[in-house]
Amino acid sequence: MPGTLHAQLLDLVCGAFLLAAVVVLWLRQLASIVRAFALQGVALAGIAALLDGHDSRWELLAVAVGIGLLRAGLLPLLMRRALTAVATGPAPLAGDAGGGASGSEAGSTAGSGGRAGGTGHHYAEDVSEARETQPLVNVAASLLSAALLTLLAYAVARPLVALHPTPATRALPVGLAVVLIGFFVLVTRRRALAQVVGFLLLDNGITATAFLAASGVPLIVELGVSFDVLLAVLVLGILTTRMRAAFGGTGIDDLRELCDR
Amino acid sequence: MTTHSTTCVLLLTAPVGVPFAVAGAFALAGARRRRAAVAGTARPPRQRGAAPRRVRVGAGAVASTPGPSLPETGGSAPGPPEPAEAPGRRVPRTSGPGGDPATGILPGAPPGTPARGRRPGRTASAPPGPGPGPGPRPRRWRRVPGPGPVGQDPSGSGAAPRSGEEAGRGRIPRAVTPWLALVSPLTVLACAVALARTVTRHGPVAAYGLRADALGVWMLLTVGAVAVLACAASGPEARTARRYHALVHAFLGTLATAVLAANLGIVWIAIEATTILTAFLVGHRRTRASVEAAWKYVLICSAGIALAFLGTVLLYYAARRAGIPEASALDWPALAARAGELDPAVTRLGTGLVVLGFGAKAGLAPLHAWLPDAYGQAPAPVSALMSGVLSSVAFTALLRYKVIADAALGPGWTRTLLTATALLTLALAAALLLAQRDHQRMLAYSSMEHMSLIALGAAVGGPLAASAMLLHITGHGLAKTVAFRAAGHVLRLRDTSRIGRVRGLLAQAPGAGALFALAVLALLGLPPFGLFAAELGLVRAGFAAGMGAVMGVVLILLLVAFAALGARAARMLLGPPPLPGPPARLPVAEAVPLAGGLVLCAALGVSTGPLTGLLADAAAIVGGR
């Protein structure tokens, strides 16, 4: 079986999935990071579509399409909007705007930022906001860590593969590796939005693990989880704009108000 | 049996459905209000009247120390509803750190009052302080009055020219709000009581993917009781009231779901949903501190709990390989029944991740960093709910996995994991309690201390430890709720959360001070409160299970925490009042439920009474017979 075209395709897609996570580590421009994340969403949908959906082939395909729409379409879109809102300079206080889900005044930044996606070229882009300038670990070390984390994932996943060796479960360590890389991004990146991408990588990794291990969790759970993730990203997006309003930036290192003094 | 089952369906669905329905009602009212406001372009002067009114309230509150959160004592005679919010209302504010969001959504006044009549009465009643009304607010929603509305003040007192029917429709009269806010906690509590009877007599009941066993019912009872205490006579000023209530009730609904869902996937979804729902409650103030707390909260909790989902996925994989069909492979009863067939290596990995993940939400180390920040920034009732029940609901989810893991691997694995986590958490909490200078954070670290004891109870296992643990969960929930709400009063009274600046509380505010003192005594684990019985049971069970060394360490750390918490509380409570003046009174509507909570906590320490059977059944589920 491992030699068949199908298995090779699956391996290819899984490789792309892992590669996208590594590319996220390699890039610094937040916009490019979001693009890499969207590519990973496509790869994830590919994994779901390529699985041997034993008896529920069509259901799996539908899930794959849904996953693709969410993770390659909607989530990157939300991220891009948040990024525009944060990276464009302080917008003039434009009316009350569709301040968005926050229904808030702080949302005025979000609202105009969102519109600026179309029209807002007047504002000079705030370079420091759009780039991950000061990661805790530099890029070269990050890539090295990604290699180590992938090795770790393979080591940890040995009992998982041993339980039921098929082409799909043999690729399972890839999902775990992406989970670990997601955590790594979460810990080492210092821009709010980069951290959100880390969280989403983590989540992509878990979804991939679920697909590779057991052809995905039951549909109702998958739906609920996707909904939760979507809401979490929305909330984090709103918080990012509030952070920008309150701190004048989205660097996590500025968050020093609360500590045990 | 069939009539019986209809009742069961009702009892199971109501605790989940009613809170969501109430939340929907609040949200809908808010949305309609907004829509109506957008529709009516002309700004009725009345609105302007409303705005300064609120500001005056704030100002009065600041000026006269004792009674900031003006209860809405103003008349509530029925009258023409007025348009709530006009577009111009959302004035973009000059934002800055700590800037006042108040200029934003200003609510209409209490709906029912004719404008003219109210204003004078309002002004008269504004400063003096806590009134008898049912709606006083643990006040952390008040901000310093912003610049906007003040400028508009003079034009204010005009009568409402528009009756604005479309605007008025769908609004929830303010007099109703406190009672509506109690509907869902009371429903949860009542259903839990009824379910307790059914479950003790007939065993677990299930319907529509919800399932109530003794453990679930015990937790539902706790959720209901704590929610009643937290929601009684609470609610912010109307500016944010609808959003606040909508979020709090949806939060309650997700808590009930997390307790009652049979599917572990749904449990996870519900617990993650609590994070999202409470995010804006934590970050409601939009100050730097508040935004920071909300950010840490959402990110750490979501990422941590994602690990729990990974663990769930791995368990699902093991279950599918063990031949359990897809439909029931995440179903807790099915999994627990066939746990012996699961692959040990996969289950071990999965359970480890679950302990780490749900431990994050339960406030256990190592992913606990969000906890003191979030509890410190959230409004008092929300802190109470998060500390009193959310953390223990997350922990109950963990207990369900523990049952599976123990059947698959033997008790050693989870015992080691939980003991290590609990000791680490306890040591951290004790150390940080020693260094604490902020009374909100002090209570937060005390929550961590108690969660670590609860985790230890689970680690020890066996009927005695399990009963002690469940008792601990409930006792802690009750006592911590009272403590947080009393601390909310202190915060309102003194406008500071520094322990060093709060002195003479008993003299200045005898009501709130006494409640705070008693709650702290309960949290210290002194008799007669339930926590004393629980801690005693835990230590006895620990020594009996041969974990003497661990228990020794625990006792030492407990002593440290005890001394730290006691000394700090004493510093806040005793001494002469800082300002001369009449003592601030706690509104009766608020004091009675809180005192009731303390009485209940004490009663639990003496005897579990009618709950004995339920407690034994629940302990049997967790700890074996």
Side-chain angles (χ1 to χ4, degrees), chain A residues 56 93-97 99 102-106 108-109 156 158-160 162-164 169 176 179 182-183 186 192 195-196 198-199 202-203 205-206 209-210 213-214 217-218 220-221 224-225 227-229 231-232 234-236 238-240 242-243 245-247 252 254-258 260-261, chain B residues 34 87 89-93 95 97-98 101 103-105 243 263 265-266 268-269 272-273 275-276 279-280 283 286-289 291-296 298-299 302-303 306 309-310 312-314 316-318 320-321 326-327 329-330 343 345-346 349 372-373 376-377 432 435-438 441:
Chain A
S56 52
L93 295 168
D96 64 283
S102 69
S104 64
E105 307 75 28
S108 69
T109 335
V156 168
R158 267 166 51 197
L160 305 179
L163 180 57
H164 182 61
T169 46
L176 292 185
V179 169
F183 244 100
L186 205 56
Q195 289 202 320
V196 178
F199 167 63
L202 177 68
D203 198 70
I206 293 173
T209 311
V217 288
I220 174 89
V221 177
V225 171
F227 189 60
D228 271 353
V229 170
L231 286 183
L234 274 173
V235 166
L236 286 171
I238 293 167
L239 285 179
T240 314
R242 283 193 191 175
M243 193 190 294
F247 289 88
I252 300 300
D254 295 340
L255 301 185
R256 293 215 167 140
E257 292 285 315
L258 299 166
D260 297 291
R261 260 168 290 143
Chain B
R34 268 196 294 279
R89 218 15 42 107
R90 297 186 157 223
V91 191
R93 75 188 147 114
S95 73
T103 38
I105 313 164
R243 203 174 55 155
N263 186 316
I266 308 282
W268 185 90
I269 293 168
E272 167 66 11
T275 312
I276 296 161
F280 288 121
R286 309 206 181 161
T287 55
R288 291 162 73 112
V291 169
E292 175 182 345
W295 178 265
K296 282 187 191 166
V298 176
L299 209 66
S302 297
F309 186 59
L310 182 59
T312 310
V313 163
L314 294 185
Y316 176 71
Y317 172 49
R320 291 302 306 279
R321 284 298 116 220
E326 180 180 337
L330 277 179
D343 181 69
V346 176
L349 192 56
D373 299 349
Q377 293 298 317
L432 288 164
Q436 206 43 251
R437 293 188 193 166
D438 178 312
R441 294 174 74 89

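Order of the sequence lines sets the chain letters (A, B, ...), proteins ahead of strands, with each chain counted from 1.
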By a 4.5 Å heavy-atom criterion (distance strictly below it), what part of [X] contacts chain B: side chain, backbone, both, or neither?
| X | answer |
| --- | --- |
| A:Val179 | side chain |
| A:Phe199 | side chain |
| A:Ala162 | neither |
| A:Leu202 | side chain |

Side chain proximity check, [X] to [Y], heavy atoms < 4.5 angstrom:
| X | Y | answer |
| --- | --- | --- |
| A:Arg242 | B:Trp295 | no |
| A:Asp203 | B:Phe309 | no |
| B:Leu310 | A:Leu176 | yes |
| A:Val225 | B:Trp268 | yes |
| A:Thr169 | B:Tyr317 | yes |

Output for pair (B:Leu299 CG, A:Leu186 CG), nearest 0.5 Å, gives 5.0 Å
Which of B:Ile269, B:Leu330, B:Ile266 passes side-chain contact (heavy atoms from CB on, under 4.5 Å) with A:Ile220? Answer is B:Ile266
The interface call for B:Ala293 against chain A, heavy-atom contacts under 4.5 Å, is both
| request: Apply side chain to side chain contact (heavy atoms under 4.5 Å, CB included) to B:Tyr316 and A:Val221, showing your working. | output: CA-CA 12 Å; B:Tyr316 176 71; A:Val221 177; over 6 Å; no
